[in-house]
Amino acid sequence: MLSLIRRPARTISFTCQPQDYGVIAAPQPAKSVLPDWYRKLPPVDRQHLTVTNNGLTIKRCMPFLDAMTTGWILPLAATVRLEVKDEGRTVTAGWEFDRVMVSNHGAHQVAGNPKEPSPPCKFHNYWSLRTPPGWSCLFVPPLNRSGQPFECVAGVVDTDTYSAHIHFPFFATRSDGIYVVEKGTPLVQVIPFRREDAAIAAEVRPETGREAVARERVNRNTIAGEGWYRKWARAAR
């Protein structure tokens, strides 16, 4: 006899203090905050469409789009001004909000890092995250969304057990000057994952003849039909 078992929904929770709700910028699905340049880009650039050029743009590249739309975006809670001075060696911040928005780490903590001479700073985040048992979160700079005067450092947190505020170390990436980072600016992309899936084993070997044939068939189908890769990428999941 067939029985239907309702499984609990896999939910990531973002919570803040009641007095902050509706005041600080809220997390958003990554797919809802695509960059304007990407939204405006046509799938096919007709100006470049010729007999020898299919005119396709990166908007037809599913791996690029999937990277941008996976997970959630944690934004900057309130507007911050960053001042970079001394050829990048000094970074200070100011804001008009009633919460600390930026603090500093000691440069000795990351001595020799490739971002030197920029000092390590930290954006303060006022959202707590909680995931189901066995799930962690990968925090990375928003994927395929460059152009900000800073870049946060990537990290993994076991958000099924750690629910305190997670702040985000960053380095300034621009030349000397004052930069206004608006409330709601994407800070990090949050990608939940099940830890047991991350522990998958690996093998490194030459491909078999059958695997080579299958790979070549996929490659030839990709270049044989315009738009085919989009359909295949979706069906292969």
Side-chain angles (χ1 to χ4, degrees), residues 14 16 20 23-28 30 33-38 58 63-64 66-129 136-159 162-193 198:
F14 298 91
C16 68
D20 287 340
V23 176
I24 62 175
Q28 301 289 334
V33 287
L34 295 177
D36 286 341
W37 71 265
Y38 184 83
I58 201 168
F64 187 91
D66 285 349
M68 285 197 297
T69 59
T70 296
W72 294 75
I73 294 293
L74 266 177
L76 184 65
T79 298
V80 166
R81 295 179 302 279
L82 295 177
E83 183 175 17
V84 182
K85 298 187 297 185
D86 306 326
E87 297 182 342
R89 290 176 173 81
T90 303
V91 177
T92 55
W95 56 89
E96 272 75 50
F97 191 48
D98 57 357
R99 295 278 192 280
V100 174
M101 293 301 301
V102 178
S103 60
N104 297 95
H105 284 289
H108 69 281
Q109 295 177 297
V110 288
N113 80 87
K115 298 292 187 181
E116 288 185 334
S118 179
C121 305
K122 179 168 59 180
F123 283 120
H124 286 237
N125 158 59
Y126 293 100
W127 291 95
S128 297
L129 282 73
S136 296
C137 284
L138 169 65
F139 298 86
V140 293
L143 299 173
N144 299 332
R145 292 177 176 86
S146 59
Q148 299 297 346
F150 64 87
E151 182 175 316
C152 290
V153 176
V156 171
V157 178
D158 293 342
T159 44
Y162 185 87
S163 59
H165 293 149
I166 301 166
H167 303 306
F168 303 114
F170 73 92
F171 291 94
T173 57
R174 297 280 182 86
S175 57
D176 287 7
I178 296 178
Y179 302 92
V180 178
V181 187
E182 300 287 350
K183 173 183 176 180
T185 296
L187 291 185
V188 293
Q189 190 163 346
V190 184
I191 302 176
F193 66 93

Under the ring pair (Phe, Tyr, Trp, His ring centres under 6.0 Å) test, which residues partner F168, sequence neighbours left out?
-> F139
Can you name the one residue among L82, T185, T173 that meets side-chain contact (heavy atoms from CB on, under 4.5 Å) with Q148?
-> T185
What's the shortest heavy-atom distance between V84 and V91, and which atoms?
-> CG2-CG2, 4.4 Å
Inspect the surroundings of CD in Q109 and state if more than 12 heavy atoms from other residues, nucleotides or ligands are less than 6.0 Å away.
-> yes
Where M101 and L76 come nearest, the two heavy atoms and their spacing | CE-CD1, 3.7 Å
Test ring pair (Phe, Tyr, Trp, His ring centres under 6.0 Å) applied to W72 - qualifying residues, sequence neighbours left out = F14
Partners passing ring pair (Phe, Tyr, Trp, His ring centres under 6.0 Å) against H105 (at least two apart in sequence or in another chain) = none
Locate the shortest heavy-atom distance separating F171 from V110; write the atom from each residue and the value.
-> CZ-CG2, 4.2 Å
Tell me, which pairs form a salt bridge (charged side-chain N to carboxylate O under 4.0 Å, His left out) where one or both residues lie in residues 167-183, sequence neighbours left out?
-> none
Parallel, tilted or perpendicular: ring planes of F150 versus F123, cut at 30 and 60 degrees | perpendicular
Ring pair (Phe, Tyr, Trp, His ring centres under 6.0 Å) against Y162, all qualifying residues, sequence neighbours excluded = none
Can any side-chain N or O of H165 pair as donor or acceptor with the backbone N or O of S128 at less than 3.5 Å?
-> no
Distance col, row T69:OG1 vs F64:CZ, nearest 0.5 angstrom, shows 11.0 Å
Is the closest side-chain heavy-atom distance between C137 and F193 below 4.5 Å?
-> no
Sequence neighbours excluded, the answer for side chain to side chain contact (heavy atoms under 4.5 Å, CB included) partners of V33 is Q28, I73, R145
Checking Q189 side chain against T70 main chain: does a donor-acceptor pair fall under 3.5 Å?
-> yes
Taking all non-hydrogen atoms of both residues, which atom of A30 and which atom of M68 are closest, and how far apart?
-> CB-O, 3.2 Å
Minimum heavy-atom distance D158-S136, with the two atoms named | OD1-OG, 2.6 Å
